[in-house]
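Reckoned from all heavy atoms, side chains included, excluding hydrogens, waters and symmetry mates. Every chain is numbered from 1 and lettered A, B, ... according to where its sequence line falls, protein lines coming before strand lines.
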There are 2 protein chains.
Amino acid sequence: MLRGKNRKNNGKLRNRSNDLLTVEWKNNQVVMIDQTKLPGKLVYVRYKKYEDVARAIERLIVRGAPAIGVAAAFGMSLAAISSKAKAPKALLRDLEIAYDRLKTTRPTAVNLVWALDQIMNVAASKNNVEEIKKSIILSSLKMATDDITTNKKLGMNGAEMIRSDEVILTHCNAGSLATVTYGTALGVLRAANDMGKKIRVIATETRPVMQGSRLTAFELDHYGIDFSLIPDTAVGHLMSKGIIDRVIVGADRILKTGHVYNKIGTYQIAALAKRHEIPFYVAAPNSTFDLTSNVNEVVIEERNKNELMKIGNKLLAPKGIKVFNPAFDVTPPELIAGIITEKGILRPPYEESIAKNF
Amino acid sequence: MLRGKNRKNNGKLRNRSNDLLTVEWKNNQVVMIDQTKLPGKLVYVRYKKYEDVARAIERLIVRGAPAIGVAAAFGMSLAAISSKAKAPKALLRDLEIAYDRLKTTRPTAVNLVWALDQIMNVAASKNNVEEIKKSIILSSLKMATDDITTNKKLGMNGAEMIRSDEVILTHCNAGSLATVTYGTALGVLRAANDMGKKIRVIATETRPVMQGSRLTAFELDHYGIDFSLIPDTAVGHLMSKGIIDRVIVGADRILKTGHVYNKIGTYQIAALAKRHEIPFYVAAPNSTFDLTSNVNEVVIEERNKNELMKIGNKLLAPKGIKVFNPAFDVTPPELIAGIITEKGILRPPYEESIAKNF
């Protein structure tokens with residue numbers, strides 16, 4: 001595992017197989033990379049309380065739909081361990097409190113609720129306190145290892161279609177840092193790179209939180225994949241120049257209709273890709289699908305205006321002004337060429353291919 | 001004229017008619033607002049040498065196509081005053097040196113060359129040193145007052161078509177701070193506001209240099225116009241929600257075919273507007289038209305990667321990575337509903353309406 005110092009040897013050699021481990025269960029604690037400190041510092045934080053995990057999710061110390069799912073599951077493990085309940089019923093009550101707290105941390109990514117529900121189902125199926133606690137920890141650990149396996153399968157599925165010399169644009173961060181490790185959209189790029197295909201990546205900086213500059217650039221640099229960073233304003237320009245061959249992004253929630261919720265800016269990239277006849281792909285594991293909600297029911301999180309107003313302590317805009325800062329947008333299925341999952345690439349019509357996938 | 005302190009009376013009352021004067025000729029010096037200090041501080045800088053004006057243009061202390069045109073003309077006045085030449089020929093040689101230096105500061109905005117050529121033509125038409133110097137100063141002063149008159153006419157022309165309660169999106173800064181004062185795209189919004197039309201403005205922050213957050217937000221706040229700031233990534237999302245009624249942006253160069261060079265991000269906004277059937281307007285004076293170049297001949301300035309990599313001293317992305325940072329893009333005529341000039345609104349087909357305008 002990467003611990004900062006071994007990232008580069010004398011700034012020259014680089015161990016490309018050194019996986020960034022975003023969230024981990026270690027000695028009954030949750031250990032995670034503090035992503036708010038990247039790219040400046042690779043810092044790991046440790047939590048013993050589920051409340052701290054909840055706050056870490058809210059503050060984007062951990063982010064990315066699959067990663068916050070696993071982080072929340074580990075949060076439930078912490079809640080289980082720290083519960084003083086003597087009877088299953090009392091323990092389940094404690095778990096319900098943790099569940100409710102963790103569930104409200106971020107409203108849009110569906111993996112969060114998916115992971116929390118999995119844990120509660122496991123807990124409800126056991127009959128004594130120790131068994132419940134043990135099963136929760138084992139389930140959350142399995143979720144973490146499953147995430148890695150899933151991403152690697154998904155990566156291979158996506159990488160097969162990529163030709164050598166392609167220039168692929170990605171938005172936000174759907175990489176190791178958005179999952180336990182390996183990544184979804186960046187997992188596809190990594191797998192293609194590992195197959196020896198010479199890809200070039202264009203990473204958008206992804207305002208306002210700059211997951212592109214801070215996280216995707218950090219990862220691609222770390223894994224030795226050729227890339228350039230661009231402002232979000234240059235997407236259309238590059239497409240019009242014929243420079244982009246393909247777009248691959250991650251997802252926070254995919255509906256049964258094929259509507260994709262992802263980082264703000266995704267929809268406009270998809271619309272611009274359509275205009276320039278560039279295939280637009282989404283890479284996400286099955287845990288990102290929400291087969292029950294309809295497109296008007298999903299809450300799009302609005303985040304604090306300071307994300308736009310400030311960088312560090314530097315004020316970027318006049319105090320007291322109005323800001324609109326939605327964290328996500330919706331990309332309709334007609335703009336999507338395919339959805340890459342661990343089971344294969346889903347193609348339109350999505351109502352059919354998604355139903356078949358489950 | 002606004003001098004910082006009188007902007008707000010006790011932070012409550014506000015004199016909305018207080019025009020921001022971006023660039024001014026005063027006591028044989030060029031005085032300009034240092035736009036790199038906004039919105040934090042309203043600071044005025046004074047220059048006695050044309051070289052300092054050239055550097056100010058390069059460093060974006062003054063920016064905006066019409067403003068850099070006038071600034072460059074004032075730079076020529078400084079060159080004329082400081083020349084020790086005794087004969088017209090020697091003076092013209094000194095002026096040529098200043099011309100060449102000022103011309104290379106920014107390659108894309110056409111107003112710069114337009115203004116410099118005007119000054120050189122005036123200089124060449126006079127026969128003695130004192131007359132040349134005097135005529136250059138008078139011409140540059142006339143250029144500055146013409147800019148204001150032009151913008152006010154342009155503003156009225158554009159404002160007439162705006163209905164009350166419209167929500168208008170603008171990109172970058174085409175306001176007072178992009179001109180001597182009043183602005184082009186923002187001049188239209190100001191004129192509409194002054195007519196009592198209740199408009200609401202959506203300002204994109206405009207990465208990487210953030211002219212939207214820093215300058216447009218500052219101006220709209222200063223002039224008391226209702227607005228919200230959004231990240232560049234939220235444009236498509238807002239359009240898909242049906243929130244935007246119209247787009248109005250400025251221009252750095254307009255070709256005889258109607259191709260518009262403007263701040264990076266303009267093209268994708270125009271393409272997204274087309275998709276959502278939102279009329280997209282460009283506001284620019286006649287001095288922004290380049291009737292000789294073709295679309296493939298115009299150089300698009302690429303700026304320093306630090307504009308993306310840093311804010312203040314804070315590093316936003318890992319050191320040493322590749323960055324693509326074009327300052328402008330091209331919007332093709334088929335995406336433009338109209339070009340608002342001081343003579344009226346030009347409509348497609350632009351080859352005809354532009355030719356008729358000159």
Task: Side chain / backbone / both / neither for B/Tyr267 at chain A, heavy atoms under 4.5 Å - done: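 When you check distances to chain A, only side chain atoms of B/Tyr267 fall under 4.5 Å.
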Task: Heavy-atom contact with chain A under 4.5 Å, split by part of B/Arg275 - done: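 Side chain only.
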Between chain B and each of [options], count heavy-atom pairs under 4.5 Å; write down the option with the most.
options                                : answer
A/Ala203, A/Pro332, A/Ala217           : A/Ala217
A/Thr216, A/Leu238, A/Thr204, A/Leu38  : A/Leu238
A/Val235, A/Leu272, A/Leu229           : A/Leu229
A/Gly312, A/Ala271, A/Ala270, A/Ala234 : A/Ala234

TODO: May I ask you to test the A/Gln268-B/Gln268 pair for a side-chain heavy-atom distance under 4.5 Å?
DONE: yes
Open item on the list: Within the structure provided, determine whether B/Glu205 and A/Arg207 are in side-chain contact (heavy-atom separation under 4.5 Å).
Closed with: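 Sidechains of A/Arg207 and B/Glu205: in contact.
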TODO: Taking all heavy atoms of B/His171 and all of A/Thr233, pick out the closest pair and write down the distance.
DONE: CE1-CG2, 3.9 Å
Task: chain A-proximal positions within residues 296-310 of chain B [heavy-atom distance under 4.5 Å] - done: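 Heavy-atom contacts from residues 296-310 of chain B to chain A are B/Ile300, B/Leu308.
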Open item on the list: Using the side-chain contact (heavy atoms from CB on, under 4.5 Å) criterion, which residues pair with A/Pro348? Sequence neighbours excluded.
Closed with: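 Testing A/Pro348 for side-chain contact (heavy atoms from CB on, under 4.5 Å), a comparison that skips the adjacent residues, returns A/Tyr350.
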Open item on the list: The criterion is side-chain contact (heavy atoms from CB on, under 4.5 Å); which residues satisfy it with A/Ala178, sequence neighbours excluded?
Closed with: A/Arg63, A/Asn173
Task: Residues in residues 320-329 of chain A near chain B [non-hydrogen atoms, under 4.5 Å] - done: A/Ile321, A/Lys322, A/Val323, A/Phe324, A/Pro326, A/Phe328, A/Asp329
Open item on the list: Quick check for you: among B/Leu316, B/Ile230, B/Ile269, which has the greatest number of heavy-atom pairs under 4.5 Å with chain A?
Closed with: B/Leu316
TODO: Please round to the nearest 0.5 Å and tell me the distance separating atom CD1 of B/Ile264 and atom CG of A/Asp232.
DONE: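 Output value for this atom pair is 11.0 Å.
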